[in-house]
Amino acid sequence: NAGVTQTPKFRVLKTGQSMTLLCAQDMNHEYMYWYRQDPGMGLRLIHYSVGEGTTAKGEVPDGYNVSRLKKQNFLLGLESAAPSQTSVYFCASSYPTPLAGESKETQYFGPGTRLLVL
Amino acid sequence: DAKTTQPTSMDCAEGRAANLPCNHSTISGNEYVYWYRQIHSQGPQYIIHGLKNNETNEMASLIITEDRKSSTLILPHATLRDTAVYYCIVRGYYGQNFVFGPGTRLSVLP
């Protein structure tokens, strides 16, 4: 059981280049999330997905797109990278509790992808 | 989701208990208190969560005041490996994202 894995671990891009970050989880979780973390700051949510084929915007979605074609994978795309997107990107997954009204939910995080845009 | 307030940084001697406070005075009845930590630049790690009652697991204890407006995370015997940023998060019904603030930077000193 690998948990949440992210590919690649580190990447350097030039301004205007595109790339896709892959997040995979083997815990059969329904929910998946992409966060970014800038130096000295907390995490900010980019996009999330509550199930296969569904995605939604988070706090800072501009400049990113996502896809959830398979339950276990959540892809984050940068169509035209900008220096402001230099950051550490974390993926997380979780499952909702089965009882209505409860809010217990534990998110499990991947190790992160460090992206430098020159 | 309710906002949380944590001290920016704290020190703790190795082997002693580390008590990390968190204020969440606007918490509502169905919101849980979660604690995560982030060691160096790794992904955040879940520690513990609770609603009303005090909770304990193999990592830590969570003490929530009766009015639920504040809580304390207790690491009973801090080690150097517990040096990390600790995040207190209050979260409502499932489907909402976690809001990570700046957290408390805990330094465990030898």
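We use all heavy atoms of the structure for the numbers below, so side chains are in, but hydrogens, waters and symmetry mates are not. First the proteins, then the strands, lettered A, B, ... as listed; each starts at 1. Remember, predicted model here, so these are calculated numbers, not experimental data.
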What distance separates [X] [atom1] from [Y] [atom2], expressed to the nearest 0.5 Å?
X      : Y      : atom1 : atom2 : value
B:F100 : A:R44  : CZ    : CZ    : 14.0 Å
B:Q38  : A:F90  : CD    : CZ    : 5.0 Å
B:Y32  : A:T106 : OH    : OG1   : 10.5 Å

note = Applying a strict 4.5 Å limit to non-hydrogen atoms, the region of A:Q6 in contact with chain B is neither

A:M41 versus B:Y87, closest heavy-atom pair with distance = O-OH, 4.3 Å

Please determine whether residues [X] and [Y] belong to a single hydrophobic cluster, defined as Ile, Leu, Val, Met, Phe, Trp and Tyr linked transitively by side-chain heavy-atom distances below 4.5 Å.
X      : Y     : result
B:L106 : B:I74 : no
A:Y31  : A:L69 : no
A:Y64  : A:V60 : yes
B:V108 : B:L75 : yes
B:Y86  : B:M10 : yes

ask   = Would you call A:V88 and B:S41 a side-chain contact if the rule is heavy atoms closer than 4.5 Å?
value = no

request  = Considering only heavy atoms and a distance below 4.5 Å, find which of B:G50, B:P102, B:G43 pairs most often with chain A.
outcome  = B:G43

query = Quick one: which residues of residues 109-118 of chain A reach chain B at under 4.5 angstrom, heavy atoms only?
reply = A:F109, A:G110, A:P111, A:R114

ask   = Do any of residues 76-83 of chain A have a heavy atom less than 4.5 Å from a heavy atom of chain B, and if so, which, in residue order?
value = none

Contact origin within B:Q45 toward chain A - heavy atom pairs under 4.5 Å = neither

